[in-house]
Amino acid sequence: MEILFTEERHKKIIDIVNKEKSVSVKDLTNWLAFSPATIRSDLNFLNKQGLLIRTHGGATSLDEKTNNKSLNINFGIREKENPAEKAEIAKKAFQFVKENSCIILDASSTSLELGKLINETNMRLMILTNGLNVSNILKNNSTITTILIGGVVQGNSNAIQGTLGESLLQKLNVDAAFFSAHAFNMGEGLTDFNLYEVDLKKIMVKHAKTVYALLDHSKLENSSIATFGSLVDIDYFITDSKADSKVTDSYKKAGLTVL
């Protein structure tokens with residue numbers, strides 16, 4: 001019997017629910033060979049994350065139009081959350097952007113702030129991104145070669161998802177990658193709620209020589225559905241001045257370079 005890790009099981013559940021539209025705990029128990037208690041716990045967690053609708057005895061999928069609208073609203077909300085803190089983080093991260101390098105910027109609102117700073121310079125760079133907003137900021141800068149990482153765009157989402165861009169990443173020497181996340185804690189690392197974007201982020205982390213985590217204080221000691229980077233993957237952890245010093249000290253003791 002195949003043994004599934006938690007995030008793999010969650011992804012399979014979401015795939016099944018989206019395909020079947022409505023499933024019971026009994027069905028998922030039979031298909032995935034896990035106990036009803038485990039499946040109920042998974043459904044409750046995924047419901048809280050907004051990835052399905054928990055019903056009596058099972059779950060139903062989100063309406064596609066509603067789901068796409070939510071993704072777009074979520075990015076708009078994230079863009080407006082803690083703008084001063086994100087600008088502070090982006091300013092610090094910008095110090096590590098080197099001329100004539102190849103870097104990755106993810107589709108996060110914090111990376112968008114970093115992209116804005118980069119766009120104001122004449123630095124010669126190659127920038128890979130899965131963020132449509134990031135690419136729109138950079139596309140008219142003549143000294144920057146901007147490459148969109150291939151994949152799927154769903155509805156009004158600003159992020160390219162999926163693993164179709166892996167072959168491109170394998171061909172290039174990526175000097176540095178700048179990522180944000182929905183949440184971070186030392187046990188689970190960098191976590192996000194979109195499983196398909198997480199798959200791409202894992203690949204981007206794998207192919208970058210240096211990884212910078214860009215997280216404002218509100219994301220620390222929180223958790224989301226799936227991990228795309230562990231502590232050992234992070235070379236520099238950049239947060240804002242409002243971060244709890246006890247929390248950041250614990251990160252330093254665990255071996256993170258916190259800025």
Side-chain angles (χ1 to χ4, degrees), residues 7 78 81-121 123 125-131 134 149 159 169 172-193 197-259:
E7 67 179 66
R78 292 199 306 273
E81 287 178 341
N82 303 319
E85 288 81 358
K86 290 175 181 177
E88 180 186 350
I89 292 169
K91 185 176 180 180
K92 185 67 176 180
F94 179 70
Q95 298 176 14
F96 296 93
V97 178
K98 305 299 182 185
E99 181 96 19
N100 297 315
S101 62
C102 175
I103 67 172
I104 290 174
L105 299 181
D106 73 355
S108 66
S109 53
T110 308
S111 286
L112 179 61
E113 291 301 313
L114 177 55
K116 291 175 182 177
L117 292 177
I118 293 171
N119 190 50
E120 293 173 358
T121 74
M123 295 176 68
L125 296 165
M126 177 177 287
I127 297 180
L128 310 175
T129 184
N130 70 316
V134 175
I149 299 171
L169 291 165
L172 299 173
N173 296 318
V174 180
D175 298 296
F178 298 85
F179 298 98
S180 189
H182 190 67
F184 176 84
N185 64 68
M186 287 194 292
E188 298 173 338
L190 297 165
T191 59
D192 229 315
F193 57 87
E197 191 178 353
V198 163
D199 285 342
L200 178 57
K201 283 189 172 187
K202 285 179 180 178
I203 296 169
M204 292 194 287
V205 167
K206 177 182 176 182
H207 290 286
K209 294 176 184 176
T210 306
V211 171
Y212 297 85
L214 316 178
L215 290 100
D216 70 67
H217 66 280
S218 68
K219 299 178 178 181
L220 307 186
E221 293 306 285
N222 286 312
S223 176
S224 193
I225 185 172
T227 299
F228 67 86
S230 65
L231 264 69
V232 296
D233 294 317
I234 302 170
D235 296 289
Y236 296 94
F237 190 97
I238 304 177
T239 187
D240 63 83
S241 55
K242 290 184 180 179
D244 189 326
S245 59
K246 292 181 180 178
V247 172
T248 55
D249 284 346
S250 69
Y251 294 171
K252 293 175 183 178
K253 289 179 181 178
L256 282 177
T257 301
V258 181
L259 304 172

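Note that these values count all heavy atoms, side chains included, but never hydrogens, waters or copies made by symmetry. The residues of the chain are indexed from 1 along the displayed sequence. The structure displayed is predicted, hence computed values, not measured ones.
Separating the CG atom in Asp199 from the CZ atom in Phe228 is a distance of 12.0 Å, to the nearest 0.5 Å. Of the inter-residue distances, the one linking Glu113 atom CD with Lys116 atom NZ reads 4.0 Å to the nearest 0.5 angstrom. The distance from the OG atom of Ser108 to the NZ atom of Lys201 is 6.0 Å, given to the nearest 0.5 Å. Distance check: Asn222 CG to Asn185 CG gives 8.0 Å after rounding to the nearest 0.5 Å.
Lys92 is not listed as a side-chain neighbour of Tyr212, based on a closest heavy-atom distance of 4.5 Å or more. Proximity of Leu114 to Ile118: side-chain heavy atoms (C-beta onward) are separated by under 4.5 Å at one or more points. The shortest side-chain heavy-atom distance between Asp192 and Phe179 does not fall under the 4.5 Å cut-off. By the 4.5 Å heavy-atom criterion applied to side chains, Ile127 and Phe178 are not counted as neighbours.
Minimum interatomic distance between Lys219 and Thr110 (heavy atoms only, all atoms of both residues): NZ-OG1, 4.5 Å. In this structure, Ala93 and Ile238 approach most closely via the heavy-atom pair CA-CD1, 3.8 Å. Across every non-hydrogen atom of Met186 and Ala254, the tightest pair is SD-CB, 3.4 Å. Considering every non-hydrogen atom in both Leu105 and Val134, the closest pair reads CD1-CG1, 3.8 Å.
A donor-acceptor pair under 3.5 Å is absent between the side-chain atoms of Lys252 and the main chain of Val258, judged by distance alone. Distance alone, capped at 3.5 Å, places no donor-acceptor pair between the Asn130 side chain and the Ile149 backbone. Side-chain N or O atoms of Thr191 include one that pairs as donor or acceptor with a backbone N or O of Ser224 at under 3.5 Å. A donor-acceptor pair under 3.5 Å links the side-chain atoms of Thr227 to the main chain of Glu188, judged by distance alone.
For Asn173, the CG atom is loosely surrounded, since the number of other residues' heavy atoms within 6.0 Å does not exceed 12. Shown here is Lys202, whose NZ atom has more than 12 heavy atoms of other residues, nucleotides or ligands within 6.0 Å.
Under the side chain to side chain contact (heavy atoms under 4.5 Å, CB included) test applied with Ser180, the options Leu112, Asp216, Asp106, Ile89 reduce to a single match, Asp106. When each of Asp175, Val174, Leu172, Ile103 is tested with Met126 by the rule side chain to side chain contact (heavy atoms under 4.5 Å, CB included), just one qualifies, namely Leu172.
The aromatic rings of His182 and Phe193 lie perpendicular to each other, with more than 60° between the two planes, well past the 30° mark. Using bins of under 30°, 30° to 60° and over 60° for the plane-to-plane angle, the ring pair Phe184/Tyr251 lands in the perpendicular bin.
Identified under the side-chain hydrogen bond (donor to acceptor under 3.5 Å, both in side chains) test for residues 231-247, with sequence neighbours left out: Glu85-Lys242, Glu88-Ser241, His217-Asp240, Ser230-Asp233.
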